[in-house]
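Working notes, beginning with the structure itself.
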Number of protein chains: 2
Amino acid sequence: MRAMPTDRTPPHGTPAHGRPADAAAAHGTSSDGARSDGTPAHGPGTPADATPAEGVPGGGAGARRRGRPRKDEPALTERVVLDAGVRLMVRDGLDAVTMRGLAAELGVRAASLYRYVRNKDELLDALADELFAGIDLTRYAQDDWRAALTAMAAALRRHLLARRDSARLIAGRFTTGPNALRNIEALLAVLRGAGLSDHDAAFATYTYVTWLFGFVAAEQNRLSAEVAAGMAPREYLDRLAGRLRAMPPDRYPHVVALAGELTAPDLAARFDFALARLLAGIDVLRTTADPR
Amino acid sequence: MRAMPTDRTPPHGTPAHGRPADAAAAHGTSSDGARSDGTPAHGPGTPADATPAEGVPGGGAGARRRGRPRKDEPALTERVVLDAGVRLMVRDGLDAVTMRGLAAELGVRAASLYRYVRNKDELLDALADELFAGIDLTRYAQDDWRAALTAMAAALRRHLLARRDSARLIAGRFTTGPNALRNIEALLAVLRGAGLSDHDAAFATYTYVTWLFGFVAAEQNRLSAEVAAGMAPREYLDRLAGRLRAMPPDRYPHVVALAGELTAPDLAARFDFALARLLAGIDVLRTTADPR
DNA sequence: ACCTGAACACCGTTCAAGT
DNA sequence: ACCTGAACACCGTTCAAGT
């Protein structure tokens, strides 16, 4: 999975997110992380809604090492490390998140990080939860459960697509940090409100989340080694369509016949389609459990 | 080695496309995963080969460096490399699949591999398709489309679960090799047979596949860094349930209330639940498009 | 034609040592 | 208490050289 440093391919079907001013944040201060959520930014502080727990130094988070380095204050804090980790991943991709690279981003040496994280694996776990700090699904709550789940899915997808490799990071992890749980809470509220049993609400939430993360991971990842190496996604898909049409029709009749549909690049439409299937499936469950 | 070598002849004339369909496939939990043509060339000091050697000794293909090394025959072929790659991943995990490690598995040096694969990324693409060599969904075809899709899902999940890290390898790739396509063909056949339009059949197949791979990836991956470090999953889930129950009930009422359901370890039940939702969602579509 | 040795520029992690 | 230097055992990849 170690991609070559040559890749700067935008995920197809997504607005190529050019990162603006993160470089400035690279040195010093920066408790901003990279929040470029497509959602209405608003909010009191920058990182949407204060993250409750964590001993975030109130007010002066990350205000050190700009002018005079305080004697007693450490150069690093867990917060600063996590912010830098997210920023690095969003800017340069998950493969760029190495202990050495992260240290360089922070102006220290790799060995220093081990005071704040046990190892790289735990760093990535923490980063996975950190990704959910910038999104709060409770803001999309509304009476109609279908509308709520639809709005939440769109927000989640937008949020992840705007953060390079985020789904790849998340997909393989079971994230149970405070930020992830805040969003799980919002989903559970909708599904219980829709009349699902406790069991069904929990299972439906699991289904919704694993499906969505899997979908975006597939969407966000490079189509192939060729695309990762620089080929335009559009060209790759066209070539693929041609290859499919050229397959032996006796053995692959449906693949040949549906070559066009299979290689259509409209990921947003596929997302809507899949969500509609899931909601319909949930609806059956709901009306069965609570007919009215 | 590309994702789909149909239009390209491999270095040694082995028609990658014309391979006979896979014996010894999906049933059983055997973690074979290597193909039987081309005997694995065990290095002299293969470390702890706990996995029973798969397969029929193919003939003399892998006999090099044991008896007399043929003068003209190369030590490696693309087939032998791929077999060794799958074997290595299934035995030691995806992280063990390094160019150096794979070379050692084959009794050669890393640099030698670059005659057969362009780089590691393309190796992994080829490995991803190779994973589907051992399963043929057409065997599960039947009249009832629901029964067919259910049987296919179960076969796919079983196949992947039996191959360590397989879903992690696949989830992030768009696999369009001949083995993957054979199984896509089977799914398309069922969905078109159920009365879906071309568009819907293609989209439903995409939904089915991304959901299933995402689900198994979540299931197959380690729950957390703790579990990866050795903690029993059961204990981790119990602790997690405790943590969820101890969360502030004013902010996380549903998480607290459903702590038990959320941490239940019954992945098979969750799989059945999610599949039932999807099938119900497809059914709506089907009867809408083709009422009777 | 095929494989190797050696090199390059990287990794994650540990630990004694500095301040 | 916090960070560094240096080391160890790895990576992927290239390429001149061997056979």
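Letters go in sequence order (proteins before strands), and every chain restarts at 1.
Under the rule for a side-chain contact (heavy atoms from CB on, under 4.5 Å), the partners of B:Asn221 that lie at least two apart in sequence or sit in another chain are B:Arg168, B:Ala217. Under the salt bridge (Lys or Arg N to Asp or Glu O under 4.0 Å) criterion, B:Arg239 pairs with B:Glu235, sequence neighbours left out. Applying the side-chain contact (heavy atoms from CB on, under 4.5 Å) test to B:Ala96 and every residue at least two apart in sequence or in another chain returns B:Asp92.
The phosphate of C:dG5 (OP1 or OP2) has a side-chain N or O of B:Arg109 nearer than 4.0 angstrom. Checking the phosphate oxygens (OP1, OP2) of D:dT4, a side-chain nitrogen or oxygen of A:Ser112 falls inside 4.0 Å.
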* Asked: Just the dot-bracket of DNA chain D, please: which string comes out with Watson-Crick or G-U pairs under 3.5 Å, [ ] for crossing, | for another strand?
  -> ||.|||||...|||||.||
Name each donor-acceptor pair under 3.5 Å that joins a side chain in residues 106-114 of chain A to protein atoms two or more places apart or in another chain, with its distance.
from     : atom 1 : to       : atom 2 : distance (Å)
A:Ser112 : OG     : A:Arg109 : O      : 3.2

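Open room surrounds CZ on A:Arg118; 12 or fewer heavy atoms of other groups in view lie less than 6.0 Å from it.
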I'd like a list of close polar pairs between nucleotides 11-15 of chain C and the protein, N/O only, cut-off under 3.5 Å.
from   : atom 1 : to       : atom 2 : distance (Å)
C:dG12 : OP1    : A:Met99  : N      : 3.2
C:dG12 : OP1    : A:Lys120 : NZ     : 3.1
C:dG12 : OP2    : A:Met99  : N      : 2.9
C:dG12 : OP2    : A:Arg100 : N      : 3.4
C:dG12 : N7     : A:Arg100 : NH1    : 2.4
C:dG12 : O6     : A:Arg100 : NH1    : 3.0
C:dT13 : OP2    : A:Tyr114 : OH     : 2.8
C:dT13 : OP2    : A:Lys120 : N      : 3.0
C:dT13 : O5'    : A:Tyr114 : OH     : 3.3

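Atom CG in B:Asp92 sits roughly 14 Å away from atom P in D:dC10 (whole-Å rounding). The interatomic distance linking B:Arg115 (CZ) with D:dA17 (P) rounds to 16 Å, in whole Å. Rounded to whole Å, atom P of C:dA1 lies 12 Å from atom OH of B:Tyr116.
Taking 4.0 Å as the cut-off between side-chain N and carboxylate O, B:Glu130 and B:Arg87 do not count as a salt-bridged pair. A salt bridge links B:Arg173 with B:Asp121: the closest approach of a Lys/Arg side-chain nitrogen to an acidic carboxylate oxygen falls below 4.0 angstrom.
Between B:Tyr206 and B:Phe174, the ring planes are tilted. Angles from 30° to 60° get that label.
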